[in-house]
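Naming convention: chains lettered A, B, ... in sequence-line order (proteins, then strands); numbering from 1 in each chain. Just so it is clear, the model here is predicted, and its values are computed rather than measured.
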Amino acid sequence: MLNLDLLRREPDHVRAASRRRGIGSEFVDRILELDRERRAAITSAESLKAEKNALTARIAKAADKKAAAAELRPRIAELDQRIAEAGKSIPVLDERIDAELALIPNVLDGSVPDGSDEHANQLVRTWGEPPRFDFEPKPHWEIGERTGIFDFERATKISGSRFTILRGAGARLSRALAQFFLDRAARNAYAEINPPVLVSRATMWSTGQLSKFSDQMYAFEGDDANDALYLIPTAEVPLTGMHRDEILPGDGLPLRYAAHTPCFRKEAGAAGKDTRGLIRQHQFEKVELVWLTTPERSFDDLETLTRNATGLYEELGIAHRVMLLCAGDTGFNAAKTYDVEAWLPGANTYREISSCSNCTDFQARRSSIRFRREATAKPELVHTLNGSGGAIGRTIVAIVENYQRADGGIGIPDVLRPFAGFASIEPDGSTR
RNA sequence: GGAGAGAUGGCGGAGCGGUUGAACGCGGCGGUCUUGAAAACCGCAGGCCCUUCACGGGGCUCGUGGGUUCGAAUCCCACUCUCUCCUCCA
């Protein structure tokens with residue numbers, strides 16, 4: 001959620017930020033007007049309350065309380081009426097301001113390039129060379145189906161489209177990747193968390209997912225709207241939600257968390273995109289990395305987080321590049337996002353494999369996650385960062401396509417072998 | 001699912017319907033003392049919002065939402081959550 005105070009003090013800054021996102025800025029004046037009305041209502045209602053409280057205190061101090069109460073009761077009753085009248089618009093205005101504010105994306109960092117879509121994203125760096133093949137490299141679904149490690153047909157039978165069954169070496173590879181990612185997260189000082197994957201509406205709301213992913217999430221209806229439970233679209237939700245409404249000691253920051261969870265997305269609006277293979281699934285696993293950090297270091301921490309993600313693909317020997325997303329491509333909560341894109345020989349292109357974002361105080365404001373620099377200091381909002389480190393399904397895709405052999409078998413990257421327990425997947429699906 | 005108990009400040013724990021935003025203890029912060037530390041002693045301290053250039057002033061806040069009352073942490077109602085016992089269960 002955007003800082004209302006920023007909007008009051010620097011409306012032009014917010015207007016400029018909206019323009020960069022390619023959205024209108026009429027909301028600025030609308031909110032400022034609502035805010036003026038709201039504050040006027042609060043001020044008048046509160047001064048009437050103060051008047052009333054003074055009368056009540058007089059009764060409390062009077063020698064004869066009954067007599068004092070009898071004398072003052074009519075004036076108090078009149079004040080009660082005026083208080084109710086003066087204050088009745090406040091909750092309505094609150095709601096309207098919140099509703100407007102909830103639709104405004106985070107203010108972009110100055111380093112984010114202009115542009116409306118992915119074509120304007122900026123190449124930051126590349127690592128590795130795309131592998132050369134002396135045969136025509138195949139897409140992962142072909143290799144996977146031939147070896148039997150993916151079973152799309154039966155997955156469709158039991159669940160529908162955009163689900164995949166991993167079988168044998170495929171399932172083991174998935175498990176090995178989860179272990180590998182978690183192992184590296186631990187080395188990089190992330191605390192491992194195993195959170196619930198069903199979360200309450202309040203949690204979804206506070207992490208800002210309801211506005212961003214509202215049509216992307218699977219929900220279980222409760223007896224009423226408030227006991228609905230949502231399947232998480234990413235572990236970012238429970239990991240940042242954990243500290244909702246907390247004031248953290250400043251010397252404990254940054255907090256770094258890693259969680260391996262399944263993630264669930266409806267992928268509404270992605271019809272026809274990535275229909276083959278396991279690039280875009282309704283259910284997938286990943287290890288998510290989350291930081292709660294301080295404002296002055298959050299952009300440096302974003303670099304570290306991104307390095308943590310790319311380090312995984314360096315170890316796996318998969319060529320990749322880091323892209324700085326342009327204004328139009330940067331997500332709602334983020335002030336700045338780096339995508340890590342892995343080279344996929346079957347597709348002959350780079351595809352997103354991790355997305356690392358600094359949400360600054362945008363998420364923390366809605367979730368009310370704060371910290372104190374000193375024991376006696378005023379609480380300030382933390383900055384939150386999140387990124388995948390890494391995405392298990394998409395990494396399987398990258399391994400299968402990059403390590404495919406002419407005979408239809410698949411090599412396993414060296415670092416993964418101790419976790420997998422095998423060094424290759426043979427054309428018949430067996431392992432060596 | 002059934003029965004009971006309870007929800008107060010960072011923690012523990014008080015709180016006749018009226019200077020209780022909240023005793024007391026621990027913890028925290030700042031002092032005094034000390035070469036330094038500890039101990040002891042003294043003092044300061046919740047959060048949110050409105051207002052003010054500022055000093056300050058004001059409102060809200062004792063799980064949440066309603067109600068009674070001139071006045072509610074204290075009384076009433078509903079809800080939520082936690083704990084104990086029973087039941088069930090990976």
Pick the [atom1] atom in [N] and in [M], then give their distance to the nearest Å.
N     : M     : atom1 : result
B:A72 : B:A40 : P     : 41 Å
B:G59 : B:G71 : P     : 15 Å
B:U64 : B:U8  : C1'   : 15 Å
B:G27 : B:U35 : C1'   : 28 Å
B:C76 : B:A23 : C1'   : 27 Å
B:G13 : B:U68 : P     : 34 Å
B:G6  : B:G15 : P     : 13 Å
B:U69 : B:A54 : P     : 41 Å

To the nearest Å, give me how far apart [atom1] ([X]) and [atom2] ([N]) are.
X        : N     : atom1 : atom2 : value
A:Phe371 : B:G28 : CZ    : C1'   : 18 Å
A:Asp245 : B:G10 : CG    : C1'   : 16 Å
A:Arg201 : B:C79 : CZ    : P     : 21 Å
A:Arg372 : B:A45 : CZ    : P     : 14 Å
A:Asp94  : B:C50 : CG    : C1'   : 12 Å
A:Arg38  : B:C50 : CZ    : C1'   : 8 Å
A:Asp35  : B:C49 : CG    : C1'   : 12 Å

Side-chain N or O of [X] versus OP1/OP2 of [N]: is the shortest distance under 4.0 Å?
X        : N     : result
A:Arg58  : B:G18 : no
A:Arg39  : B:U51 : yes
A:Lys378 : B:G47 : yes

| message | Do the side chains of A:Arg15 and A:Asp29 get close enough for a salt bridge, i.e. N-O under 4.0 angstrom? | response | yes

| Salt bridge between A:Lys49 and A:Glu46, side-chain N to carboxylate O under 4.0 Å? |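 No.
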
| field | Contact pattern, 5' to 3', of nucleotides 57-72 of chain B - B, S or - by protein heavy atom under 4.0 Å | value | -BBS---------BS-

| message | Which residues pass the side chain to side chain contact (heavy atoms under 4.5 Å, CB included) test with A:Pro196, not counting sequence neighbours? | response |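 Partners of A:Pro196 by the side chain to side chain contact (heavy atoms under 4.5 Å, CB included) criterion come out as none, since no residue qualifies.
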
| Stem ranges for RNA chain B, with three or more consecutive Watson-Crick or G-U pairs under 3.5 Å? |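 Listed by first number, the stems are B:1-7 with B:80-86, B:10-12 with B:24-26, B:28-32 with B:40-44, B:47-51 with B:56-60, B:63-67 with B:75-79.
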
[X] versus [Y], closest heavy-atom pair with distance:
X        : Y        : answer
A:Gly390 : A:Tyr313 : CA-OH, 3.8 Å
A:Phe362 : A:Leu2   : CE1-N, 3.4 Å
A:Leu278 : A:Phe152 : N-CE2, 4.3 Å

| query | Taking atom types as modelled, is there a side-chain donor on A:Ser355 or A:Asp339 under 3.5 Å from an acceptor on the other? | reply |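 Yes - a donor-acceptor pair under 3.5 Å links their side chains.
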
| request: Would you tell me whether A:Tyr257 and A:Thr240 have side-chain atoms, one donor and one acceptor, within less than 3.5 Å of each other? | output: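 The answer is no; no qualifying pair exists.
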
| query | What is the nucleic acid contact for A:Arg36, judged by heavy atoms within less than 4.0 Å: base, sugar-phosphate only, or nothing? | reply | nothing

| Chi-angle category of B:U82 [syn within 90° of 0, anti beyond] | anti

| query | Does A:Ile247 or A:Thr43 map to a spot on RNA chain B nearer the 5' end, using the closest nucleotide for each? | reply | A:Ile247

| Can you list the steps and then say if A:Glu85 with A:Lys88 is a salt bridge (charged side-chain N to carboxylate O under 4.0 Å, His left out)? | CA-CA 6 Å; A:Glu85 182 61 30; A:Lys88 75 175 183 216; 3.2 Å; yes

| note | Rounding to 0.5 Å, atoms OG1 (A:Thr431) and CD1 (A:Ile149) come to a distance of 11.5 Å

| said: Rounded to the nearest 0.5 Å, what separates atom CG in A:Leu173 from atom CD1 in A:Ile396? | reply: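 Between A:Leu173 CG and A:Ile396 CD1, I get 5.0 Å after rounding to 0.5 Å.
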
